[in-house]
Amino acid sequence: MMTCPDPPPVTVVLDPFDDALHTRAALAAHDPAAGRLTIHPTPGTDSTVCLAYDVLAALGKPIPVSGYPGRAAEPPWALAAAWILAMSTTHLTVLRAHLLDTRRLQDLLDLRSRTGVRLALVCHRGTVPAPVERMLAPAGYQLAHACAVLPGSQKPSLSQLPPYRPLAGRWLPLSALTTLVAHDGRDQRCRCTAPIARARGFHPPQMRASVSEEIAHRLHAATAHPHLAAELATAVLTAASTTQLATVHLGDLTPGATAITLHDPGGLRQGCLTHQVPSWARPFLLAAAYLRGIAGVPDEPLFTPPFPASGLPSVTRFAETCKLRPPQPRRSRPAVGTRRSQPPGKTVWPLSAAHYHYPWAVTEDMRGCPPPPSPGRRRT
């Protein structure tokens with residue numbers, strides 16, 4: 001289990017009069033973009049999985065998490081730890097901590113050990129409850145009064161206000177996804193030193209800043225599974241196929257997720273290349289890497305589930321969930337006298353040979369979709 005070498009001490013905040021002013025102040029301090037989380041545990045349950053879901057919900061992830069049995073506590077807590085590390089979360093405040101039992105307290109302490117997050121337990125009592133005292137006594141803790149750390153209600157910061165999203169709810173046609181589907185099987189693992197993609201003249205399709213921001217927002221809100229979000233983000237920024245995505249391992253990601261290497265040991269495509277990762281995509285790759293380290297399976301492909309799971313969508317189906325797809329065939333004009341608005345049809349995923357070294361060796365089936373832009377590399 002991956003652990004933080006020296007986690008900070010736990011802070012127990014006493015609120016003896018259960019003042020609503022202090023609760024409002026704690027909730028107002030919740031700002032995931034600034035690294036601060038405040039969770040209000042779901043009342044009426046002592047489920048440790050439910051508490052993990054509370055943390056994931058505070059991170060903006062959809063719950064419950066699909067793919068795992070309802071009683072499996074390890075995957076949700078591991079997911080929460082991976083996202084906390086990837087999103088640079090520094091503070092975690094838990095309200096109603098005096099109602100937590102030893103199991104849930106231990107899971108919070110394990111989360112602190114894994115991530116190094118500063119954990120504050122708000123107990124709405126005048127003294128430290130016995131279960132909290134027993135759990136924290138071996139490692140020590142520090143006491144604080146709510147009047148000192150939660151003095152009053154704060155005004156929401158600009159980062160807490162929902163951003164204006166002009167592209168919200170719209171399908172985004174991305175040329176990079178035109179080359180996603182491949183039928184040539186899986187490549188063997190390659191241990192090469194790949195050149196930089198730009199140095200070889202390969203340039204994935206460029207996107208406006210507003211489009212990349214919208215994609216990042218949709219990926220954050222669409223799933224709690226880092227490997228799904230990371231795989232789709234990598235496909236968008238590299239225009240890679242599913243075969244290439246399956247070659248990525250943890251060692252192909254640089255520290256800080258600033259670059260990622262895609263392999264092509266058979267020489268079918270543009271060769272093994274290292275792509276620079278833009279800032280919007282790094283949290284997804286970091287979360288996938290952290291989760292794999294927490295699960296203890298670092299040598300498996302990066303974009304496979306690190307825990308046994310079932311029913312998870314493929315990358316193309318997940319893309320459709322996020323309303324991301326390749327440019328679609330032109331729709332026929334409506335006949336005279338009919339309505340202009342037509343319901344959107346099923347997403348067409350073409351089989352493109354654009355990035356293959358020998359396009360004539362691959363059966364291309366664009367199914368009416370427009371071809372992607374040239375990657376900029378000369379073919380031999």
Side-chain angles (χ1 to χ4, degrees), residues 1-32 34-59 72-85 87-151 290 293-294:
M1 180 184 72
M2 189 175 73
T3 59
C4 179
D6 189 17
V10 178
T11 301
V12 178
V13 181
L14 297 180
D15 178 20
F17 302 107
D18 197 2
D19 197 330
L21 186 68
H22 299 147
T23 300
R24 286 198 299 267
L27 294 174
H30 174 75
D31 189 356
R36 298 192 303 270
L37 297 181
T38 300
I39 66 172
H40 197 298
T42 301
T45 178
D46 60 354
S47 169
T48 183
V49 176
C50 189
L51 183 59
Y53 285 170
D54 291 331
V55 178
L56 288 170
L59 289 163
E74 173 64 11
W77 282 107
L79 291 172
W83 285 115
I84 284 175
L85 289 167
M87 297 172 67
S88 300
T89 302
T90 57
H91 292 74
L92 174 61
T93 300
V94 182
L95 296 170
R96 304 288 159 189
H98 62 281
L99 300 177
L100 299 177
D101 56 14
T102 55
R103 289 186 309 147
R104 290 183 290 174
L105 286 170
Q106 184 60 57
D107 285 329
L108 286 173
L109 294 178
D110 291 342
L111 182 68
R112 163 182 162 270
S113 298
R114 283 175 168 177
T115 63
V117 69
R118 293 186 176 275
L119 178 62
L121 302 175
V122 182
C123 299
H124 304 273
R125 288 185 176 181
T127 58
V128 181
V132 177
E133 170 68 26
R134 285 195 300 268
M135 295 297 296
L136 301 183
Y141 61 93
Q142 56 189 17
L143 277 175
H145 198 281
C147 293
V149 296
L150 302 172
Y290 283 131
I294 292 171

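Note: hydrogens, waters and symmetry copies are ignored here, and every other heavy atom, side chains too, is used.
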Item to check | Heavy-atom donor-acceptor pair, His124 side chain to Asp15 backbone, under 3.5 Å | outcome: no

Checklist entry - Is it true that Glu133 and Arg125 make a salt bridge, defined as a side-chain N closer than 4.0 Å to a carboxylate O? => result no

Next on the checklist: Suppose we screen for salt bridge (Lys or Arg N to Asp or Glu O under 4.0 Å). Which residues come up paired with Asp18, at least two apart in sequence or across chains?
Outcome noted: Arg96

Checklist entry - Say you draw a straight line from OG1 of Thr11 to CD of Gln142; how long is it, rounded to the nearest 0.5 Å? => result 3.5 Å

Item to check | CA sep, side-chain torsions, deciding dist, call: His98, Val132, side chain to side chain contact (heavy atoms under 4.5 Å, CB included) | outcome: CA-CA 7 Å; His98 62 281; Val132 177; 5.8 Å; no

Next on the checklist: Measuring only between side-chain heavy atoms, which start at C-beta, is Leu109 closer than 4.5 Å to Val10?
Outcome noted: yes

Item to check | Thr38 side-chain N/O to Ala26 backbone N/O, donor-acceptor pair under 3.5 Å | outcome: yes

Next on the checklist: When you compare the side chains of Thr89 and Trp83, does any donor N or O come within less than 3.5 Å of an acceptor on the partner?
Outcome noted: no

Item to check | Polar side-chain atom of Arg103 near backbone of Asp46 as donor-acceptor pair, under 3.5 Å | outcome: yes

Item to check | Closest approach of Leu150 to Ala25 (non-hydrogen atoms, all atoms of both residues) | outcome: CB-CB, 4.2 Å

Checklist outcome for this item: Shortest non-hydrogen pair, Val149 vs Ala144, comes out as CG1-CB, 4.0 Å

Checklist entry - So do the side chains of Val13 and His145 get within less than 4.5 Å of each other, counting heavy atoms only? => result no

Item to check | Heavy-atom side-chain proximity of Met135 to Thr102 below 4.5 angstrom | outcome: yes

Item to check | Within-4.5 Å side-chain heavy-atom neighbours: Leu51 and Trp77 | outcome: yes

Item to check | Distance-minimising heavy-atom pair for Pro9 and Arg112 | outcome: CA-NH2, 3.9 Å

Next on the checklist: For a 4.5 angstrom cut-off between non-hydrogen side-chain atoms, does Ile39 reach Leu95?
Outcome noted: no

Checklist outcome for this item: In short, Cys50 meets Ser47 closest at the heavy-atom pair N-OG, 3.2 Å

Checklist entry - Are the side chains of Leu59 and Met87 in touch, meaning some heavy atoms are under 4.5 Å apart? => result yes

Checklist entry - So do Arg114 and Ile294 actually touch side chain to side chain, heavy atoms under 4.5 Å? => result yes

Checklist entry - Say you draw a straight line from CG of Leu108 to CG of Leu100; how long is it, rounded to the nearest 0.5 Å? => result 6.5 Å

Item to check | Pair Asp107 + Arg104, salt bridge at N-O below 4.0 Å | outcome: no

Checklist entry - Any side-chain heavy atom of Tyr290 within less than 4.5 Å of one from Thr115? => result no

Checklist outcome for this item: When every non-hydrogen atom of Pro32 is compared with those of Ala58, the smallest separation belongs to CG-O, 3.6 Å

Item to check | Distance in Å, Leu119 CG paired with Thr93 OG1, rounded so as to fall on 0.5 Å steps | outcome: 8.0 Å

Next on the checklist: Tell me the closest heavy-atom pair linking Pro76 and Val49, and the distance in Å.
Outcome noted: CG-CG1, 4.3 Å

Checklist entry - What is the distance from atom SG of Cys123 to atom CG of Leu99, rounded to the nearest 0.5 Å? => result 9.0 Å

Checklist outcome for this item: When rounded to the nearest 0.5 Å, the distance separating CG of Asp31 from CG of Leu37 is 9.5 Å

Next on the checklist: Rounded to the nearest 0.5 Å, what separates atom CG in Leu92 from atom CG in Leu111?
Outcome noted: 6.5 Å

